[in-house]
Amino acid sequence: MGAEVGDPEGKPRRVRMTPGARRVLEAAERLFYEHGIHAVGVDLIAAEAGVTKKTLYDRFGSKERIVVEYLAGRDERWRELLSGRLEEAGEGASARIEAVFEASRAWSARYGARGCGMINAHAEIGDPAHPAYPVITGQKRWMLDLFTGLAREIDAAGADRLARTLMLLHEGALVAHGVGIVPDPFGTALDQVRELLGR
């Protein structure tokens with residue numbers, strides 16, 4: 001298996017990317033998101049990446065490891081985009097909460113035609129023993145922690161309740177976007193957020 005990079009904060013160990021590994025991951029990311037994790041086998045990933053199955057296993061060791069890399073990479077890109085949006089929003093907690101929803105709207109328009117990759121993956125990976133499970137739940141816990149921290153700046157006593165409400169609005173908008181029934185679900189969620197925050 002390829003060399004892995006550890007993380008002191010308990011995030012998943014990451015595979016060191018060679019050009020071949022990068023091609024495998026790029027193919028897997030597209031295929032997993034478009035068709036689902038269970039529907040895509042290593043033969044198809046290897047063929048789409050233009051590598052042999054031996055190269056794929058040499059770099060990743062297993063399909064499960066590729067799934068971990070797919071989800072961890074998606075999470076990393078999301079956090080990077082969100083970090084920039086939060087920085088642009090300034091210091092006010094209400095403005096930063098709104099920035100989360102605006103960031104999700106931008107992310108979903110570009111990367112999320114089929115909804116949230118984490119929620120989609122969770123529908124297929126319900127076993128806590130699967131190596132990708134902590135990536136999925138960790139990303140959602142991180143979002144709840146973010147909302148909780150912002151909510152504390154607005155209402156310390158009611159922060160947990162406000163954070164859970166914001167989280168449910170956010171996740172609902174992600175799911176609704178993927179289903180495509182509600183027009184502009186992030187705009188609708190933002191209207192509710194502004195009402196909650198008295199803006």
Side-chain angles (χ1 to χ4, degrees), residues 5 7-12 14 25-26 29-30 32-34 68-123 125 132-199:
V5 181
D7 186 296
E9 296 179 2
K11 291 182 185 173
R14 304 295 301 276
L25 187 55
E26 286 169 1
E29 285 177 347
R30 180 175 50 78
F32 287 154
Y33 188 71
E34 289 178 4
V68 169
E69 289 295 323
Y70 154 62
L71 293 171
R74 198 170 168 91
D75 181 38
E76 193 174 82
R77 291 190 298 277
W78 159 244
R79 293 188 197 209
E80 186 177 316
L81 181 145
L82 181 55
S83 175
R85 293 299 182 99
L86 290 172
E87 195 171 312
E88 289 169 10
E91 293 300 314
S94 294
R96 285 185 289 153
I97 288 169
E98 290 185 30
V100 175
F101 286 82
E102 293 290 4
S104 288
R105 175 192 264 156
W107 170 274
S108 295
R110 184 169 179 186
Y111 303 111
R114 295 178 182 272
C116 175
M118 295 293 171
I119 292 171
N120 296 348
H122 189 264
I125 301 169
Y133 190 86
V135 181
I136 298 165
T137 56
Q139 200 266 353
K140 295 306 180 185
R141 282 194 192 98
W142 182 81
M143 286 299 300
L144 181 57
D145 289 345
L146 173 66
F147 281 130
T148 302
L150 292 169
R152 273 198 198 103
E153 296 180 35
I154 294 168
D155 176 13
D160 288 342
R161 180 180 175 144
L162 176 56
R164 288 192 295 267
T165 302
L166 292 169
M167 182 75 174
L168 290 172
L169 285 168
H170 182 260
E171 297 305 301
L174 285 170
V175 172
H177 173 81
V179 175
I181 301 299
V182 177
D184 189 18
F186 293 103
T188 302
L190 267 168
D191 288 343
Q192 295 298 309
V193 167
R194 290 179 182 123
E195 190 175 316
L196 270 173
L197 302 177
R199 286 168 70 84

Report task. Please identify each residue that fulfils salt bridge (charged side-chain N to carboxylate O under 4.0 Å, His left out) with R77, with sequence neighbours left out. Result -> E29
Query raised in the report: Run the side chain to side chain contact (heavy atoms under 4.5 Å, CB included) check on K140 and C116 step by step: do they pass?
Result: CA-CA 11 Å; K140 295 306 180 185; C116 175; 3.3 Å; yes
Requested in this report: With sequence neighbours left out, write down each residue that passes side-chain contact (heavy atoms from CB on, under 4.5 Å) with E153, or none if nothing qualifies.
Outcome: A93, R96, L150
Requested in this report: May I ask you to check whether over 12 heavy atoms, not counting those of R30, lie within 6.0 Å of atom CZ?
Outcome: yes
Report task. Decide yes or no for E102 and L190: does some side-chain heavy atom of the first lie under 4.5 Å from some side-chain heavy atom of the second? Result -> yes
Query - Sequence neighbours excluded, every pair satisfying side chain to side chain donor-acceptor pair (under 3.5 Å) that has a member inside residues 81-92 - result: none
Query raised in the report: So which heavy atom on L144 is nearest to which on A163, and how close?
Result: CD1-O, 3.9 Å
Report task. Could you list the residues that satisfy salt bridge (charged side-chain N to carboxylate O under 4.0 Å, His left out) with E98, not counting sequence neighbours? Result -> R194, R199
Query - Interatomic distance, L174 atom CG to S104 atom OG [nearest 0.5 angstrom] - result: 5.0 Å
Query raised in the report: Considering all heavy atoms of both residues, which atom of R152 and which atom of A159 are nearest to each other, and what is their separation?
Result: CG-CB, 3.5 Å
**Report entry** Contact check, side chains of L196 and I97, non-hydrogen atoms, under 4.5 Å
**Finding:** no
Query - Closest contact, heavy atoms only, T188 versus P183 - result: OG1-O, 4.1 Å
Query - Pairwise side-chain contact, L86 with L146, heavy-atom cut-off 4.5 Å (strictly under) - result: yes
Query raised in the report: Taking only residues two or more places apart in sequence, or in another chain, which ones meet W78 in a ring pair (Phe, Tyr, Trp, His ring centres under 6.0 Å)?
Result: W107
Report summary line: In this structure, CZ of F147 is separated from CG of L162 (nearest 0.5 Å) by 9.5 Å
Requested in this report: Please report the shortest heavy-atom distance between G117 and L71, naming the atom on each side.
Outcome: O-CD2, 4.1 Å
Query raised in the report: How long is the gap from CG on L82 to CH2 on W142, to the nearest 0.5 Å?
Result: 5.0 Å
**Report entry** Working for salt bridge (Lys or Arg N to Asp or Glu O under 4.0 Å), residues R79 and D75
**Finding:** CA-CA 6 Å; R79 293 188 197 209; D75 181 38; 3.0 Å; yes
Requested in this report: Take D155 and R161, measure what side chain to side chain contact (heavy atoms under 4.5 Å, CB included) needs, and give me the verdict at the end.
Outcome: CA-CA 10 Å; D155 176 13; R161 180 180 175 144; over 6 Å; no
Query - Between CG on residue L25 and CD on residue E69, distance to nearest 0.5 Å - result: 6.5 Å
Query raised in the report: Could you give the distance from OH (Y133) to NE2 (H122), rounded to the nearest 0.5 Å?
Result: 4.0 Å
**Report entry** salt bridge (charged side-chain N to carboxylate O under 4.0 Å, His left out) partners for D160, two or more places apart
**Finding:** none
Requested in this report: Compare all side-chain heavy atoms of L168 with those of Q192 and state whether any distance is below 4.5 angstrom.
Outcome: no
Report task. Examine distances only and state if a side-chain atom of Y33 and a backbone atom of R114 form a donor-acceptor pair shorter than 3.5 Å. Result -> yes
Report task. Show your reasoning for whether side chain to side chain contact (heavy atoms under 4.5 Å, CB included) applies to L169 and F101. Result -> CA-CA 9 Å; L169 285 168; F101 286 82; 4.2 Å; yes
Query - Full working for side chain to side chain contact (heavy atoms under 4.5 Å, CB included) between M167 and T148 - result: CA-CA 9 Å; M167 182 75 174; T148 302; over 6 Å; no
